[in-house]
Amino acid sequence: MALKLGAYTACLHDRPLTEALDILKENGLTSVEVNTGGFVPSPHCPVDLLLSSATAREEYLATFADRGMELTGLNCNGNPLNPLPGVGPKHADDLRRTVRLAGLLGVRHVVTMSGTPGSDPDAKYPSWVVNPWDGVYLDVLDYQWSVAVEFWKEIDTLARENDVRVAIEMHPHNLVFSPVTLKRLVDETGATNVGAEMDPSHLMWQGMDVVACIKWLGPLVFHAAAKDATLCPGADIRGVLDTSFTRVPADAPDKVPTGYGFWCNAWPENPAWKFVAVGVGHDVPYWTEFLRALAEIDPDMAVNIEHEDAAYSQTEGLALAAKNLQGAAAAL
């Protein structure tokens, strides 16, 4: 038994699935994760067709098997609790459809985010509370957790019915952004099929000990991402909760959508932190200990590279990450 090393194909979104898989194979990767909705489109997974046709599903899975590869995850990152009518309901529906599709494909894991509700039943926008020293914010969190628990009980039931496990990425701007909040969601819902996707990058820039997080969560870690991050000189004056982002024009050709009428903003020129290729922010021995902690939980766990280092091209960054991740695995 050995960890399954692979990649999330969102970084190759402008290439056909077959070409993306060939690039992964050239880099010695065998595990694949594809997007199915949420924040970004799903160019590598025709969800409607696959939900409706057993033949299409057989042919789709053969595309991976013919290359000696395995589809280990469907990724539907979004905000299913967003009160905006053009965001929350769509992302929630995408997630339900993804869980059903995973069951039909025999894919064990669906990756997503917990979501963030508004501050109260009449709120128009989501509201992320991170430091509730003022008592009013505990009232906000009480409401938000009540919304989340109801929704995630439903998703847990759906996942169980489809023999799928939903792995939540602990991502800031979400109600679940740390091991403690992940454990709270599982405890308050009584979930059996909801756990964590261990993406270390967001824990890194929040100042957490990633290996300690893995060991603390234990069997609640279902699935993993290989994604690195590093603090930058800007942290000296910005801290890690910086809001100095700027708007991207609506007509920008490469803007990244987050919902109807909304898209990602531009980072400050001197950021507090940034995503980097695996091995750039933390050395290979660090990643060996990351993999070792995961293997102690599940020696067959999928660990998929998520390349978002703007200093490298799509293929260069993926190749560098694969080389460093494989070097880390070889040291186990």
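For the numbers below, each heavy atom of this structure counts, side chains included, while hydrogens, waters and symmetry mates do not.
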Measuring from atom [atom1] of [X] to atom [atom2] of [Y], what distance do you get when rounded to the nearest 0.5 angstrom?
X      : Y      : atom1 : atom2 : value
Leu5   : Met301 : CG    : CE    : 12.5 Å
Arg100 : Asn162 : CZ    : CG    : 7.5 Å
Lys183 : Glu188 : NZ    : CD    : 11.0 Å
Met69  : Phe64  : CE    : CZ    : 8.5 Å
Asp283 : Tyr286 : CG    : OH    : 10.0 Å
Leu101 : Arg96  : CG    : CZ    : 16.0 Å

Answer with yes or no whether the side chains of [Y] and [X] bring together a donor and an acceptor at under 3.5 Å.
X      : Y      : value
Arg160 : Thr192 : yes
Tyr8   : Asn35  : yes
Ser31  : Asn304 : yes
Asp14  : Gln314 : yes
Ser42  : Thr36  : no

How close do [X] and [Y] get, counting heavy atoms only, and between which atoms?
X      : Y      : result
Cys45  : Val34  : CB-CG2, 4.0 Å
Pro271 : Pro268 : CD-O, 3.5 Å
Ala302 : His223 : CB-CE1, 3.8 Å
Pro179 : Met208 : CD-SD, 3.8 Å
Val166 : Ala159 : CG2-CB, 3.9 Å
Ala266 : Val248 : N-CG2, 3.7 Å

Inset, instruction - Evaluate the side chain to side chain contact (heavy atoms under 4.5 Å, CB included) criterion for residues Asn270 and Arg238: first the C-alpha distance (whole Å), next the side-chain angles of each, then the deciding distance (0.1 Å), finally the verdict. - result: CA-CA 9 Å; Asn270 181 29; Arg238 299 182 186 279; 4.0 Å; yes
Inset, instruction - Could you walk me through whether Phe39 and His91 pass ring pair (Phe, Tyr, Trp, His ring centres under 6.0 Å), step by step? - result: CA-CA 8 Å; Phe39 286 135; His91 290 186; 5.2 Å; yes
Close side-chain approach of [X] to [Y], heavy-atom, < 4.5 Å:
X      : Y      : result
Val164 : His109 : no
Thr181 : Leu175 : no
Pro172 : Gln206 : yes
Ser127 : Gln144 : yes
Leu325 : Leu291 : yes
Ser119 : Tyr143 : no
Asp309 : Phe275 : no
Asp199 : Glu306 : yes

Cluster overlap [X] with [Y], hydrophobic side-chain contacts below 4.5 Å:
X      : Y      : result
Leu318 : Leu21  : yes
Ile168 : Val129 : yes
Met204 : Val130 : no
Val111 : Ile297 : no
Phe222 : Leu203 : no

Taking [X] for its side chain and [Y] for its backbone only, find out whether a donor-acceptor pair lies under 3.5 Å.
X      : Y      : result
Arg108 : Asp163 : yes
Asp242 : Ala272 : no
Thr72  : Val32  : yes
Trp287 : His282 : yes
Thr9   : Leu12  : no
Asp120 : Ala123 : yes
Glu169 : Phe177 : no
Ser114 : Val176 : yes
Asp134 : Tyr137 : no
Asn193 : Asp156 : no

Inset, instruction - Could you please spell out the steps behind the side chain to side chain contact (heavy atoms under 4.5 Å, CB included) verdict for Lys25 and Leu29? - result: CA-CA 5 Å; Lys25 185 175 181 180; Leu29 302 172; over 6 Å; no
Inset, instruction - Check the angle between the aromatic planes of Trp273 and His202 and answer parallel, tilted or perpendicular using the 30° and 60° thresholds. - result: perpendicular
Heavy-atom neighbours of [X] [atom1] exceed 12 at 6.0 Å:
X      : atom1 : value
Tyr125 : OH    : no
Glu154 : CD    : yes
Glu19  : CD    : yes

Inset, instruction - Please test Trp145 against Leu185 for side chain to side chain contact (heavy atoms under 4.5 Å, CB included), starting from the C-alpha separation and ending with a verdict. - result: CA-CA 8 Å; Trp145 276 101; Leu185 183 67; 3.9 Å; yes
Legend entry - side chain to side chain contact (heavy atoms under 4.5 Å, CB included) assessment of Leu332 paired with Leu3: CA-CA 10 Å; Leu332 286 177; Leu3 295 170; 4.2 Å; yes
Legend entry - Note: Arg67-Asp22 ion pair, threshold 4.0 Å (strictly below): yes
Legend entry - salt bridge (charged side-chain N to carboxylate O under 4.0 Å, His left out) assessment of Asp48 paired with Arg97: CA-CA 9 Å; Asp48 290 338; Arg97 285 157 47 83; 2.5 Å; yes
Inset, instruction - Measure centre to centre between the rings of His44 and Tyr60, then say whether the value is under 6.0 Å. - result: no
